[in-house]
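In listed order, ligands and their atoms are each counted from 1.
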Amino acid sequence: MSAYTLRNFINGRWQHAHTEQYLEVVNPATAVTLSHVPLSPAADVDTAVQAAQSAFPDWRRTPAGDRIQYLFKLKMLLEEHLDELARIITNECGKTYAESVGEIRRGIENVEVACGIPSLMQGFNNEDIAPGIDEHMFRQPLGVVAAITPFNFPLMIPLWFLPYAIATGNCFILKPSERVPMSTQRFFDLVAQLDLPPGVLQLVNGGKEVVDALLDHPAVRAISFVGSTPVAQYIYGRAAANGKRVQCQGGAKNPVVIMPDADMDTAVRIMADSAFGCAGQRCLAASVAITVGHAQTAFTEAIADAAASRKVGYGLDAGVQMGPVISPASKNRIEQLIGLGEQEGAQVLVDGRSRHVSGYEEGTFVFPTVLNGVHPQSELARTEIFGPVLSLTPVRDMDEAIAVVNGRAYGNMACIFTGSGATARHFRYAADAGNIGVNIGVAAPMAFFPFSGWNESFYGDLHAQGRHGVEFYTQTKVVVERWPSEWSRQF
Ligand code: NAD
């Protein structure tokens, strides 16, 4: 792959950004520069918003049944190009090929669900709320909407929003992560083949300037965001102050309780995939294993073995189970946090620092790491690591485990491994998180359920995906209607 210059997709055609500022997009496994991404100026955002505003009246009037025909076509194109898109994701983001395929599959699921919009966006009504008077509730699109997305799922996360936004009749602008802009570039090549009216779907590459221009533009009605908690807080505040609808998904620090009655082989296998899959760069990665009672001994030894034996390398090479982390800065930050854990008294059972993959010496690899005896009040226990590091926190009983689970600021996911229905039921009821897993390591909701982060993992009320997505992208209109006539008096 040779380095090339990425462009924006505005008003139905590819355009160069009006800037001299570009960032390199680097393959984190090979350190090869893949492309240059523009840091577009606010003026490019304005051009896109104007195109979206012009497209909106006709797009909104297009029957929902006709709008979804473009999504059926998009699904087919994504299926046809799945292998190619997966390779691009692996090259720019570092995850393995199988993980990239999995991500695209979860994205396609959202396209499929949004194809149900003619039913999903139905309103409701009552006849004769008073004699001869009827009342109806309709859902209408908002207008121009935008999403700002993170590096760790370059295609899936845009697809948490885009299909619902346009199926409900909005015009949508995507600002992808400037660290992984190549899969969305190729995705918009496919969008260009849909023959959508110009302005309905647009791509503006860039960083903070693009984000701020979207947050401040008076014609942008709604903002969807996924990324770290400090940026989520910033975007939520600024967009809301500008009168926009906002949904912001933030960071995470996900606890998993291991009960002594769990099937330990299953728990270890699933936990290793949750903690080290995608190099720990999943917002639903298991980050802290809370071992209850004598679960500690069996789990600790087995998870250490699983961590030490995981094959790390370039995600397109056969047999590789875990790729690099996204950047040198990320590698440094993760290795420093492992050091912090050590200083705070944790024991490094498996140390993934300063390790190299033969043939990929320049790659930003951190190998799976397991820290034992991490105190729930320590700084490490409260900090999102976003790397392949699992902390172990032993506790005496279930009450103590729930106290540790609920003692965190985040609330993206909490899981339990147990053989008891009653224990699972109590956990499900008491755990302070919006996505719960029972004998599951990555409790990622299917596209027809909301991705339900809580606390510092989410700002807003309507989440991404499914019915929440439909509600987020529509405003309700209630009509009270009387048509005086001979007939209304007859019945
Ligand atoms: P990030 O917050 O650095 O960036 C996300 C987006 O915000 C990018 O498009 C970036 O260009 C933009 N951005 C960054 N700094 C900005 C600023 N100061 N002002 C305006 N815009 C800014 O996140 P990331 O590193 O790309 O992604 C990793 C984070 O995302 C982790 O914290 C992870 O937990 C979180 N995440 C959460 C979910 C979820 O569903 N809750 C899903 C995936 C990732």
Closest approach of any protein heavy atom to [atom], naming residue and atom:
atom: atom 22 (C) of ligand 1; result: V231 CG1, 3.6 Å
atom: atom 32 (O) of ligand 1; result: E384 OE1, 2.8 Å
atom: atom 28 (C) of ligand 1; result: F386 CE2, 3.6 Å
atom: atom 21 (N) of ligand 1; result: V211 CG2, 3.5 Å
atom: atom 12 (C) of ligand 1; result: I148 CG2, 4.2 Å
atom: atom 35 (C) of ligand 1; result: G227 O, 3.1 Å
atom: atom 44 (C) of ligand 1; result: N152 OD1, 3.3 Å
atom: atom 41 (N) of ligand 1; result: G250 O, 2.8 Å

Which of the numbered atoms in ligand 1 are below 4.0 angstrom from a heavy atom of [X]?
X: S228; value: 1 (P), 2 (O), 23 (O), 29 (C), 30 (O), 32 (O)
X: K175; value: 8 (C), 9 (O), 10 (C), 11 (O)
X: G251; value: 32 (O), 34 (O)
X: F451; value: 40 (O)

Location of contacts on [X] toward ligand 1, heavy atoms closer than 4.0 Å:
X: R282; result: neither
X: W160; result: side chain
X: F153; result: neither
X: I326; result: neither
X: Q281; result: neither
X: N412; result: side chain

Checklist entry - Is it true that the NZ or CZ of R355 lies under 6.0 Å from the centre of F367's six-membered ring and within 45 degrees of the ring axis? => result yes
Next on the checklist: Does the Lys NZ or Arg CZ of K95 fall within the cation-pi geometry relative to F153 - under 6.0 Å from the ring centre and within 45° of the axis?
Outcome noted: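 That pair qualifies as a cation-pi contact.
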Checklist entry - Any side-chain donor-acceptor pair under 3.5 Å between N27 and N91? => result yes
Are the side chain of [X] and the backbone of [Y] linked by a donor-acceptor contact shorter than 3.5 Å?
X: E103; Y: M156; value: yes
X: Q185; Y: R7; value: yes
X: T19; Y: L39; value: yes
X: D46; Y: A42; value: no
X: Q465; Y: F449; value: yes
X: E344; Y: H375; value: no

Next on the checklist: Would D212 count as being in polar contact with ligand 1, using the rule that some N or O on each side must be under 3.5 angstrom apart?
Outcome noted: no
Checklist entry - If we only count N/O pairs under 3.5 Å, is G207 in contact with ligand 1? => result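 No, there is no polar N/O contact under 3.5 Å.
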Checklist entry - Looking only at heavy atoms, what is the nearest atom pair of C115 and I68, with distance? => result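 Shortest heavy-atom contact: O-CD1, 3.1 Å.
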Checklist entry - Does ligand 1 have an atom under 4.0 Å from some heavy atom of I157? => result yes
Next on the checklist: Less than 4.0 Å is my threshold; does some heavy atom of F458 fall inside it relative to ligand 1?
Outcome noted: no
Next on the checklist: In terms of relative ring orientation, are F9 and W14 parallel, tilted or perpendicular, with 30° and 60° separating the classes?
Outcome noted: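 Judged by the thresholds at 30° and 60°, the geometry between F9 and W14 is perpendicular.
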Item to check | Non-hydrogen protein atom less than 4.0 angstrom from atom 1 (P) of ligand 1 | outcome: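 Looking at atom 1 (P) of ligand 1, one finds that a protein heavy atom does lie closer than 4.0 Å.
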Item to check | Atom CD of Q475 with >12 non-hydrogen neighbours under 6.0 angstrom | outcome: yes
Checklist entry - Which option out of H463, Q249, E456 puts a heavy atom nearest to atom 40 (O) of ligand 1? => result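 Going through H463, Q249, E456 one by one, Q249 has the nearest heavy atom to atom 40 (O) of ligand 1.
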Checklist entry - Would R87 and D83 pass as an ion pair if we require N to O under 4.0 Å? => result yes
Checklist entry - Taking the six-membered ring for Trp, are Y164 and Y473 ring centroids under 6.0 Å apart? => result no
